[in-house]
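Structure, as structure tokens:
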Amino acid sequence: MIALLSRALMAMAVRCLGEDRHEWGLAMEAEFDAAWRDGKPLRFAAGCLLGAMRELPHHEAGRFALWSYVLALGMMVPIATTLIFGVLFDFPYSYLMQTQAMILPQGKGDAAIFLHEANLAALPSLAVLIVFLGVGHLRIAWDMLERDWVRVAVAARANAAIAATLLVFTVLVFGCTLPVLIQITALAAELAVVTLMARWSARFA
Amino acid sequence: MPRNRQPSKQMRLLLAAMSAQAQQWRHGYDLMKETGLLSGTLYPLLMRMTDNGLVEAEWHEPLQPGRPARHAYRLTAKGLALAFEVAEVDPLPGAKASLA
């Protein structure tokens, strides 16, 4: 078990060092043999991984990897969670549920929004689209970490199509524009970020 | 832009250990054991020092067949000068410290 874990940590350390420091990775692996014979492979390997992670911000490939994780885990996953949970549990936000609350003629909410049986029937379909949008964000996060930028582009285009559909239906069916404008602005920012990351990744291709 | 700052305690330990046997090539694990530095501290330090021309590195064939070649390090003239300068200004109390 210790042997397996030690070797896994060493492999991760060598990967974290990247191409610029590949020779140092080989040097660490060679000394791992000495540490193994000395009976302290795990401690040595864990230290090497820590050292390699400290080197990440110092080379471009490492900075790219760090930014990929920040965007995938810090942006895409929270957006996906917000979208999916918002639809399923109306928490923390779902503009569809908000529009549903603004029903006339009870006199509640924004008079600019008018809901009736016809457009209320569209809510489930739009909810499904929002869930697909959330799943699409998870897909982008996964493919970003896999560094499969072709699939990222495919998922981003699908998300854009879903968002465009939501825009059209929400504006036409419900007549409310603010939530849609917020979502479109956020989507535009996401696409810009994904495009920048894809261009940056071309340096390491 | 290079920064002109004092060497850290860890670097001073390493400089002292390597300058004690300046002409001898040292392996990473041996330096770890002598200085008490952990691998996560030693290797980034060696990388920086090599980048700054203080340390030179080369591969050495193993003494025993079947073992991997090992990376060996020694101070350059610039590194040796820095080691003497640091030792004069602020000598370390001991050769080994439990620093991480």
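Throughout, a chain's letter reflects where its sequence line sits, starting with A, and its residues are numbered from 1.
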- line: Given A:A46, A:A30, A:A35, A:A13, the one with more heavy-atom pairs under 4.5 angstrom with chain B than any other is A:A35
query: chain B: which of A:K40, A:M28, A:R21 shares the most heavy-atom pairs with it under 4.5 Å?
result: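 Most heavy-atom pairs under 4.5 Å with chain B: A:R21.
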message: If I measure from the heavy atoms of chain B, does A:E29 come under 4.5 Å with its side chain, its backbone, both, or neither?
response: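 Nothing of A:E29, per the 4.5 Å heavy-atom cut-off to chain B.
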- line: So, the part of A:L49 with a heavy atom under 4.5 Å from chain B: the answer is neither
query: Can you check whether B:G53's main-chain N or O pairs, donor with acceptor, with B:T76's side chain at less than 3.5 Å?
result: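 Yes; judged by distance alone, with no hydrogens or angles, the pair exists.
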query: Is a donor on one side and an acceptor on the other found under 3.5 Å between the side chain of A:H59 and the backbone of A:G62?
result: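 Yes, A:H59 side chain to A:G62 backbone: donor-acceptor pair under 3.5 Å.
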- prompt: In terms of the angle between their ring planes, are B:Y43 and A:F44 parallel, tilted or perpendicular, with boundaries placed at 30° and 60°?
  reply: perpendicular
query: Roughly how far, to the nearest 0.5 Å, is the CD atom of B:E56 from the CH2 atom of B:W25?
result: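 Answer for the CH2-CD pair, B:W25 versus B:E56, is 4.0 Å.
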- request: Using non-hydrogen atoms and a 4.5 Å limit, figure out which bit of B:L46 sits close to chain A: side chain, backbone, both or neither.
  value: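 Looking at B:L46, backbone and side chain both touch chain A.
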message: Between B:A69 and chain A, with a heavy-atom cut-off of 4.5 Å, which part of the residue counts as in contact: side chain, backbone, both or neither?
response: backbone
message: Quick test of your reading of the model: are A:R151 and A:E146 salt-bridged, counting only N-O distances below 4.0 Å?
response: no
